[in-house]
Structure formats: structure tokens, C-alpha cells
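Down below is the structure, laid out as C-alpha cells.
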Amino acid sequence: MSCFSECNCECGKEGEEFDKIILSETNFDVTATQLAHSNMGWFCGFDDLRENHWPISKDDGVYLLWKKDDYCPVHGNFHSKALYVGKGRVKSRIYYHAKNKGFTEENLVYFTFLDVPNRKAKYIEQLLLDLYDFPINRAENKGKGTLCAYISQEEADFGS
């Protein structure tokens with residue numbers, strides 16, 4: 001049973017398609033849950049990101065930008081939808097998006113990331129783009145699904 005009317009996702013079942021495919025095609029040991037909950041932080045515009053001093057990796061990796069939508073009273077978590085997936089030097093890429101993608105102080109944007117070598121990041125990014133529709137991605141965004149995650153109040157407040 002779906003938790004929210006705007007998508008057919010269920011709490012605790014984030015990215016099942018991704019998990020099945022990456023397990024069958026690679027030995028990366030990466031899951032959608034890790035992508036949605038690792039190294040979480042947030043910002044409201046670029047200045048806010050710089051002032052928060054999140055411990056964002058300067059290494060290569062894959063990252064996601066998220067929008068928190070609603071609250072699931074059954075599971076006590078916030079529903080969030082992935083807006084963007086990217087790869088590269090994580091800190092510089094997240095800073096670039098905060099500064100240049102039109103996010104303002106009214107936009108609370110969450111980010112998550114995993115440090116992985118560039119070749120793995122390319123695969124993970126492409127698989128996500130093939131499966132899910134990311135509203136801010138433009139290139140190679142063929143996916144039709146919605147990647148959702150459910151974050152706790154603690155994650156929403158303090159990151160992970």
C-alpha cells in the first residue's frame with residue numbers, strides 16, 4: 001500500500017529496483033538505503049551551506065539532492081523525493097548546485113553522498129538515471145520511477 005498519493009512508494013522500500021539490479025550486475029555493495037541516508041546534510045541557499053560547515057567529502061563519489069515532502073504518521077518519518085543525482089568531487093559539486101541551481105532561502109534541500117571511486121560513481125549515477133526521473137537532471141534522465149526515501153526527525157534536524 002502506498003504511503004503518499006503523489007507516488008506509489010512505501011516506507012522502508014526505497015529503491016528496490018536499484019538494489020536488485022546493482023546486486024545482479026556488480027559487487028559494489030551499495031544499496032538505495034545507503035544512498036538515501038549516508039552523510040546527510042541540508043541547506044537553504046548557498047550562504048547557508050557554507051555557514052553550516054557540513055563534513056562534506058572532497059573526494060570522488062555519488063550524491064543526491066532531496067526535497068522533503070510530507071510526514072508519514074504510521075512510520076514516524078518524513079517522505080522525501082530525489083531531485084538530482086550526480087557524481088564527481090562531492091563537496092565542489094554540492095556547492096556548485098547550491099549556488100547555481102536557483103535554490104533560495106525558501107528551498108530546504110537535503111543532500112546525501114557516498115565516497116566511491118569515479119568508475120563506480122559513473123555506474124551508480126547511470127543506473128539511477130535509467131530507473132528514476134530526477135526533476136533537475138537534464139542529460140540522460142530516461143527513468144520513469146520516483147526515488148523516495150524516508151528520513152527520521154533526527155536526520156532531518158542534524159544530518160547523518
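- Taking the six-membered ring where the residue is Trp, the centroids of F78 and Y150 are separated by 6.0 Å or more.
- If you take CG on L147 and CG on L131, they are separated by 9.0 Å, rounding to the nearest 0.5 Å.
- At a threshold of 4.5 Å between non-hydrogen side-chain atoms, the residues W54 and I94 do not count as touching.
- Among all heavy-atom pairs drawn from E140 and L129, the shortest one is O-CB, 3.3 Å.
- Separation of atoms CG (L114) and CD1 (I124) is listed at 7.0 Å; rounding is to 0.5 Å.
- Formation of a donor-acceptor pair under 3.5 Å by the D69 side chain with backbone atoms of S80 is not found in this model.
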Take T146 and K81 through the test side chain to side chain contact (heavy atoms under 4.5 Å, CB included) and record every step on the way to the result.
-> CA-CA 7 Å; T146 302; K81 287 199 254 187; 3.6 Å; yes
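- Between F134 and Y132, the angle of the ring planes goes over 60°, which puts this pair in the perpendicular group of the 30/60° scheme.
- What you find for C148 and H79 is that their closest heavy atoms are SG-NE2, 3.2 Å.
- For the atom pair K142 NZ and Q126 CD, the distance stands at 6.0 Å (nearest 0.5 Å).
- With values rounded to the nearest 0.5 angstrom, Q34 atom CD is found 13.0 Å from F28 atom CZ.
- Considering only heavy atoms from C-beta on, L64 stays 4.5 Å or farther from Y110 through its side chain.
- Atom OH of Y84 is separated from atom CG of L128 by 12.0 Å, given to the nearest 0.5 angstrom.
- Contacts of A121 classified as side chain to side chain contact (heavy atoms under 4.5 Å, CB included), with partners at least two apart in sequence or in another chain: V62, K87, V116.
- Taking all atoms of both residues into account, the shortest heavy-atom contact from N77 to S152 is OD1-CA, 3.4 Å.
- Scanning for side chain to side chain contact (heavy atoms under 4.5 Å, CB included) contacts around Y96 gives R93, N100, with sequence neighbours left out.
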Show your working on side chain to side chain contact (heavy atoms under 4.5 Å, CB included) between N137 and V85 and close with a plain yes or no.
-> CA-CA 7 Å; N137 282 90; V85 60; 3.9 Å; yes
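- Hydrophobic clustering (side-chain heavy atoms under 4.5 Å, transitive across Ile, Leu, Val, Met, Phe, Trp, Tyr) groups F18 together with I21.
- Between V90 and S57 the shortest heavy-atom distance is CB-O, 3.6 Å.
- Scanning both residues, A36 and A149, for their nearest heavy atoms gives CB-CB, 3.5 Å.
- Side-chain contact check for I151 versus M40: some heavy-atom pair is nearer than 4.5 Å.
- For W42 and W66, the ring centers are positioned 6.0 Å apart or more.
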Candidate pair E25 and Y123, rule side chain to side chain donor-acceptor pair (under 3.5 Å), full reasoning | CA-CA 10 Å; E25 294 182 349; Y123 175 89; 2.3 Å; yes
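- One N or O on the side chain of T112 and one on the backbone of L35 form a donor-acceptor pair closer than 3.5 Å.
- In this structure, CG on D115 lies 12.5 Å from NZ on K58, to the nearest 0.5 angstrom.
- Atom NZ of K99 has 12 or fewer heavy atoms from other residues, nucleotides or ligands within 6.0 Å.
- Annotation: H97 is in aromatic contact with Y63 [ring centroid separation under 6.0 Å].
- In this structure, K68 places its NZ atom where more than 12 heavy-atom neighbours from other residues, nucleotides or ligands lie under 6.0 Å away.
- Taking both residues in full, the closest heavy atoms of A98 and F43 are given as CB-CE1, 3.6 Å, listed atom of the first, atom of the second, then distance.
- Scanning for side chain to side chain contact (heavy atoms under 4.5 Å, CB included) contacts around D60 gives R89, N118, with sequence neighbours left out.
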